[in-house]
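Notes for the one structure printed next.
Chain A is the first sequence line, chain B the second, and so forth, proteins listed ahead of strands; every chain is numbered from 1.
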2 protein chains.
Amino acid sequence: MGKDKKCSPDMEDYLETILVLKRKNKVARVRDISQSMHVKPPSVASALHTLSRDGFVIHESYGYVDLTSEGEKLAKMIQKRHEMLNKFLREILCINPKTAAEDACRMEHAISQETSKKLTKFLEFVQTCPDSDRPDWLKSFDHYFKTGKRLKCKIQEMKQKGNL
Amino acid sequence: MGKDKKCSPDMEDYLETILVLKRKNKVARVRDISQSMHVKPPSVASALHTLSRDGFVIHESYGYVDLTSEGEKLAKMIQKRHEMLNKFLREILCINPKTAAEDACRMEHAISQETSKKLTKFLEFVQTCPDSDRPDWLKSFDHYFKTGKRLKCKIQEMKQKGNL
DNA sequence: TAGATATGTTAGATTTACTTAACAAATAAA
DNA sequence: TTTATTTGTTAAGTAAATCTAACATATCTA
């Protein structure tokens with residue numbers, strides 16, 4: 001029972017950023033964190049103090065920033081949620097990419113594990129749909145959203161005709 | 001162009017609570033707000049000061065709390081989102097009610113207007129589904145979530161058999 | 001109507017996250 | 001290898017949102 005440590009949404013954002021920077025640049029530095037998060041370097045310093053105190057990052061003065069295993073675990077979870085929500089918003093709901101990115105960024109701190117898992121599976125369910133890129137029922141929703149009107153689906157038609 | 005005023009998530013929660021209390025009790029009082037939000041009365045006083053200053057509530061010392069039209073507009077929007085998200089989580093994703101309520105409470109401050117509208121329509125689309133309480137594709141997802149396996153849907157079967 | 005109880009307010013402190021300004025260390029360039 | 005530039009830190013202050021303690025007002029009840 002690895003009593004998963006927690007931190008504030010703000011600190012979660014720092015962890016996620018550090019993870020992303022490490023992936024992109026091999027290392028994470030204060031200045032890069034500062035720039036990607038649009039905060040000033042002292043804010044980063046302060047956050048790193050907190051995160052270090054709470055066992056999420058390792059940071060020696062003037063050195064690179066690294067994640068502890070706890071920190072990495074949390075960061076990866078947040079990052080996965082971020083990706084998943086982004087996909088859900090763009091690919092299922094067809095939200096415009098900019099808005100989807102912004103929403104995902106906030107939603108990632110708002111949802112429970114249970115909801116996260118369900119949405120992940122839902123996305124997987126849609127994406128592994130065999131009959132086409134976008135399943136018929138989603139196309140049907142697209143039409144409903146645009147026109148407010150329901151298309152009768154094939155099955156219903158056939159039920160009416162007595163073929164099923 | 002009524003340049004919709006905004007406020008922080010915390011203040012949004014106060015507005016929503018005031019709206020709900022007014023509906024339930026006809027009036028909203030500091031003590032009731034305090035109790036439903038699980039904060040102490042001085043926190044409410046402080047919040048009311050801010051909300052009053054920013055034109056969202058009207059509050060005379062020792063009197064009832066009321067919403068301005070701006071405040072009511074915002075409160076109603078938040079409340080609708082809350083309800084919608086709650087329904088979405090419970091009825092589409094089958095999240096357990098307690099978790100759904102908690103998630104909705106946080107998500108209502110995280111989503112854009114665009115996402116809110118899309119989700120609302122999506123819910124409406126599912127709920128006005130004519131063929132059953134829960135459309136076939138959602139039942140199919142339920143099965144996928146439980147077993148990890150896809151059921152072939154009727155249409156596919158027929159396509160294979162050459163009936164469509 | 002006077003005292004007791006419930007409700008509301010103010011003052012002051014704490015926490016979190018941010019800022020600017022001043023300084024320190026590290027790196028790059030002359 | 002000195003100087004200049006970039007990067008990082010510390011100090012001090014601001015703004016939300018919360019709390020406790022002390023006080024004020026309102027309402028209920030004897």
Check for me, please, whether B:Ile58 and B:Leu15 land in the same ILVMFWY cluster - side-chain distances under 4.5 Å, paths through other members count. no
Euclidean distance, atom CD1 of residue A:Ile33 to atom C1' of D:dT9 [Å, nearest integer]: 14 Å
Fit a plane to each ring of A:Phe125 and B:Phe141, take the angle between them on a 0 to 90° scale, and name the class: parallel (under 30°), tilted (30 to 60°) or perpendicular (over 60°). tilted
Whole-Å gap separating C1' (D:dT7) and NZ (A:Lys40): 14 Å
Taking 4.0 Å as the cut-off, does a side-chain nitrogen or oxygen of A:Ser43 come that near to OP1 or OP2 on C:dA17? no
Using whole Å, what does the distance between atom P of nucleotide C:dT9 and atom CG of B:Leu48 come to? 7 Å
Could you go through the side-chain contact (heavy atoms from CB on, under 4.5 Å) check for B:Arg81 and B:Glu12 one step at a time? CA-CA 12 Å; B:Arg81 279 184 193 185; B:Glu12 285 182 354; over 6 Å; no
What integer distance in Å separates B:Met37:CE from D:dC19:C1'? 15 Å
Side-chain N,O (A:Tyr62) to OP1/OP2 (D:dT10) below 4.0 Å: no
Evaluate the ring planes of B:Phe88 and A:Phe88, with Trp represented by its six-membered ring, and classify them as parallel (under 30°), tilted (30 to 60°) or perpendicular (over 60°). tilted
Should B:Glu114 and B:Lys118 count as an ion pair when the cut-off is N to O under 4.0 Å? no
Counting side-chain heavy atoms from CB outward, which of D:dT9, C:dT9, D:dT18 is closest to B:Val39? D:dT18
Would you mind reading off the distance between B:Glu12 atom CD and D:dA16 atom C1', rounded to a whole angstrom? 15 Å
A:Asp32 CG to D:dT7 P: how many Å, rounded? 8 Å
For B:Ser61, which contact category applies under a 4.0 Å heavy-atom criterion: base, sugar-phosphate, or nothing? sugar-phosphate
Within the structure, does a side-chain N or O atom of A:Ser46 lie under 4.0 Å from either OP1 or OP2 of C:dC18? no
Nearest-neighbour nucleotide for the A:Pro42 side chain, C:dT10, D:dT10, C:dG8 considered: D:dT10
Short side-chain N/O contact to C:dA26 OP1/OP2 from A:Tyr64, under 4.0 Å: no
Taking 4.0 Å as the cut-off, does a side-chain nitrogen or oxygen of B:His59 come that near to OP1 or OP2 on C:dT9? yes
Please tell me which of the listed nucleotides, D:dT10, C:dG8, C:dA17, lies nearest to the side chain of A:Ala45? D:dT10
Could you check A:Pro9 against B:Gly63 and say which one's nearest nucleotide on DNA chain C is further toward the 5' end? B:Gly63
A:Asp54 CG to C:dA17 P, in whole Å, measures 10 Å
In terms of side-chain heavy atoms of A:Ser8, which of C:dG8, C:dT10, C:dA17 is nearest? C:dA17
From CD of A:Gln35 over to C1' of D:dT7, roughly how many Å is that when rounded to an integer? 11 Å
